[in-house]
Structures are given as C-alpha cells and as structure tokens.
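See below for the structure under consideration.
Along the sequence shown, residues are numbered consecutively beginning with 1. For ligands, and for the atoms within them, numbers begin at 1 and follow the listed sequence. Since we're looking at a predicted model, the values are computed, not measured.
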Amino acid sequence: MVSPLISPKSLKLPGAHVVVTGGSSGIGKCIAIECYKQGAFITLIARDENKLLQTKKEIEKYSVNDKQVVLCISVDVSKDYEQVENVLKQAQEKLGPVDMLVNCAGTSVTGKFEDIEVNSFERLMAVNYLGSVYPSRAVIATMKERRMGRIVFVSSQAGQLGLFGYTAYSPTKFALRGLAEALQMEVKPYNVYITVAYPPDTDTPGFAEESKTKSIPAYNQNIDVEW
Ligand SMILES: NC(=O)C1=CN([C@@H]2O[C@H](COP(=O)(O)OP(=O)(O)OC[C@H]3O[C@@H](n4cnc5c(N)ncnc54)[C@H](OP(=O)(O)O)[C@@H]3O)[C@@H](O)[C@H]2O)C=CC1
Ligand SMILES: CCCCCCCCCCCCCCCC(=O)[C@@H](N)CO
C-alpha cells in the first residue's frame, strides 16, 4: 500500500540514453532490445567488435522512430578505469548523459575449488566486480548532478547463496550486492536508484560455454563426482 510513496517514479525510456555493458550477447543483448523497443538510445559495450556490430544490426530492426541510435564501444570493462571513463565520456558526447547504466558484462568459471586456476579467481573478480565498479564510478557524478539516473547490477542466484562449483564466481556476485546496498544509501538523496538483478540459469551463449565444464551428476548430487 505504501509502495507508491516509497518507490521512485519509473524512468521514461523514450529518448533516454541506456548503456549496457555486455550488451552484445545473452541477457545484456535482450535488455538492450527491450529498451530500444521502448524508444531508448543505446550504447553497447563489450570487447569483440564483430559481435557488437552484428548485435547493433539485430537491435536496429526493432526501431520505433528514425532518430534512434545504437552506438557500439569496444573496451574491456575490467582492465583500466581511465579507459572506461574515456569511452563513456565519448558516448555521452554523442548521445547525451547516461540515464541508465546496466552492468551486465560478466563471465563464469565452474569447478572444484582446488581445480580452478588461481588466476581465474582474479579474472572473475576483475570482470564481474571491478567491471561493474568502473562504469558506475564513471557515470555517478553526472547522475547526482542531474538528480536522476539508474544503475543496474546483474548479480546471480549464486550471488544470494554459495553453490557447489561456484567458489570463484559466487563471491564476485555477492560483492555486487554489497556495492549496490552501500551505494544506494549514498545516492538516494540525489534521486539516483540502484537495482540488483539475481537471475537463475538462463539460456545464453555464456551459459552454454559454462555448461561445457559441468557434468549432470555433479549438479544433481552433492557428492564427490567428476566435475
Ligand atoms: N546466463 C546465466 O545463466 C546467468 C548469467 N548471469 C550474469 O548475467 C550476465 C550476462 O550473462 P550471459 O548473458 O549469460 O553472458 P554472455 O557470455 O552471453 O555475454 C557476456 C557479455 O559480456 C561481455 N563481456 C565479457 N567480458 C567482458 C569484459 N571484460 N569487458 C567488456 N565486456 C565483456 C561479452 O562480450 P565480449 O566477450 O565480446 O567482451 C558479452 O557481451 C553476467 O554477468 C552473468 O554472470 C547471472 C545469472 C545467470
Ligand atoms: C529453500 C531454499 C532452496 C534454494 C534452492 C536454490 C537453488 C539455486 C539454483 C541456482 C542455480 C544456479 C544459479 C547460477 C546461475 C549463474 O549465474 C550462471 N549460470 C552464470 O552463467
């Protein structure tokens, strides 16, 4: 009953600038398409330029007016903050300040703790956690100044509870929740709202890749099995 009083007004997507990291595939691509269908201008961020261009073409089929733009930026969101800040500056020069940032770039590695390469723990934390910190850090000042903005973090069900096989992945998704809750406290007075999504297994190219390293017995019984 009180929810209309405490919930923010929903963002008006027609004409809004929506940035989707990981927008060239899977969940990020679907989010980009949904926003575009509602009239948003889209910036897609990912590394592989061919995939980006292919996705841009796919999204453009859903245009609802002839002003809409899909901009592609090839950058690794996990490597260098300055670089991420620069490309977001460029995107904002072209399409205006970011109204909504969807941090969807991410990846997973599964296996038994002792079998996962040590550098995978570092890489997953870099991509899944820092890869969401950097773009958010780059847009937050302008959102606060404009007294508007939305930031979405794509966590996972494995970010709500630790799961067999996800020792490298789960902590990166738990970290996003900590970030989101702390950041929400800071930015709420500026009419900036943070959302965390906790998707279950979702049929995407990334999930297909992950599934190659999983065996069905390990999924069904928590016992010592080949993984
Ligand atoms: N599918 C699932 O079952 C679930 C997925 N999730 C989360 O949802 C998000 C999307 O998953 P999903 O759609 O399956 O993944 P996909 O692998 O299909 O897509 C991942 C996207 O992220 C981009 N990306 C990956 N690494 C980087 C990087 N370092 N810098 C910039 N872009 C990068 C990829 O492009 P490129 O490789 O060209 O850079 C691609 O666009 C992830 O955060 C994942 O953890 C959460 C719960 C369930
Ligand atoms: C009473 C309580 C019952 C709790 C049951 C919980 C069942 C959880 C199933 C979790 C499925 C795995 C999610 C991870 C998805 C993911 O992030 C990767 N696929 C990424 O590629």
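Contact atoms of ligand 1 toward D48: 38 (O) (distance under 4.0 Å to a heavy atom of the residue). The distance from ligand 1 to the heavy atoms of P200 drops below 4.0 Å at these ligand atoms: 3 (O), 47 (C), 48 (C). Atoms of ligand 2 lying under 4.0 Å from any heavy atom of L163, numbered from 1 in the order shown and given with element: 10 (C), 12 (C). The distance from ligand 2 to the heavy atoms of Y166 drops below 4.0 Å at these ligand atoms: 14 (C), 18 (C), 19 (N). Shown in contact with F207 at under 4.0 Å from a heavy atom are these atoms of ligand 2, numbered in order with element: 19 (N). Those atoms of ligand 1 that come under 4.0 Å of a heavy atom in Y169, given as number and element, are 6 (N), 7 (C), 44 (C), 45 (O), 46 (C). Numbered from 1 in the order shown, with element, the atoms of ligand 2 that lie under 4.0 Å from a heavy atom of S156 read 14 (C), 15 (C), 16 (C), 17 (O). Atoms of ligand 2 found under 4.0 Å from any heavy atom of S108, numbered from 1 in the order shown, are 21 (O). Against a heavy-atom cut-off of under 4.0 Å, D76 is close to the following atoms of ligand 1: 28 (C), 29 (N), 30 (N). Distances below 4.0 Å separate heavy atoms of A105 from the following atoms of ligand 1: 22 (O), 24 (N), 32 (N), 33 (C), 43 (O). The contact set between ligand 1 and S24, taken as ligand atoms under 4.0 Å from a residue heavy atom, comprises 35 (O), 40 (C), 41 (O). Close contacts of ligand 1 with G26, meaning ligand atoms under 4.0 Å from a residue heavy atom, involve 13 (O), 18 (O). Proximity to V75 (heavy-atom distance under 4.0 Å) selects the following atoms of ligand 1: 30 (N), 31 (C).
Hydrophobic clustering, with ILVMFWY side chains joined whenever heavy atoms are under 4.5 angstrom apart, groups V18 together with V70. Under the 4.5 Å side-chain heavy-atom criterion for ILVMFWY residues, a single connected hydrophobic cluster contains both L88 and I151.
Taking only nitrogen or oxygen atoms, main chain and side chain alike, I27 reaches within less than 3.5 Å of ligand 1. Residue-to-ligand polar distances keep Q157 apart from ligand 2: every N/O pair is separated by 3.5 Å or more. The distance criterion of under 3.5 Å between nitrogen or oxygen atoms is not met by G28 with respect to ligand 1. An N or O contact shorter than 3.5 Å is missing between T107 and ligand 1 by distance. Residue A46 places no N or O, backbone or side chain, under 3.5 Å from any N or O of ligand 1. Backbone and side-chain nitrogen or oxygen atoms of S25 are examined, and one is located within less than 3.5 angstrom of a nitrogen or oxygen of ligand 1. An N or O contact shorter than 3.5 Å links G22 to ligand 1 by distance.
For atom 25 (C) of ligand 1, the candidate residues are K29, R47, E209; the nearest heavy-atom contact is made by R47.
Of the heavy atoms in K173, only side-chain atoms (C-beta onward) come closer than 4.0 Å to ligand 1. Contacts of T204 with ligand 2, taken as heavy-atom pairs under 4.0 Å, are absent altogether. Residue contacts with ligand 1, taken as heavy atom pairs separated by less than 4.0 Å, involve S155 solely via the backbone atoms N, CA, C and O. Contact annotation: for K51 versus ligand 1, heavy atoms closer than 4.0 Å belong to the side chain alone.
The residues E34 and K37 are annotated as salt-bridged, a charged nitrogen and a carboxylate oxygen being separated by less than 4.0 angstrom. Electrostatic pairing of E58 and K61 does not count as a salt bridge here, judged by no charged N lying under 4.0 Å from a carboxylate O.
Each side-chain hydrogen bond (donor to acceptor under 3.5 Å, both in side chains) pair with one or both residues in residues 90-109, not counting sequence neighbours, appears once here: D99-R146, N103-S136, S108-E210.
Counting heavy atoms from C-beta outward, L130 and S78 have side chains that stay 4.5 Å or more apart. At least one side-chain heavy atom of R177 sits under 4.5 Å from a side-chain heavy atom of Y198.
Using a 4.0 Å heavy-atom cutoff, T21 is absent from the residues neighbouring ligand 1.
When the options I45, I31, I42 are evaluated for a side chain to side chain contact (heavy atoms under 4.5 Å, CB included) with V102, the one that passes is I31.
For atom 3 (O) of ligand 1, the nearest protein heavy atom (residue, atom name, distance) is T202 N, 2.7 Å. For atom 15 (O) of ligand 1, the closest non-hydrogen atom on the protein side is G206 CA, 4.0 Å.
Taking the centre of each ring, F113 and F121 come in below the 6.0 Å mark.
Among residues two or more places apart in sequence or in another chain, the salt bridge (charged side-chain N to carboxylate O under 4.0 Å, His left out) test is passed with E117 by none.
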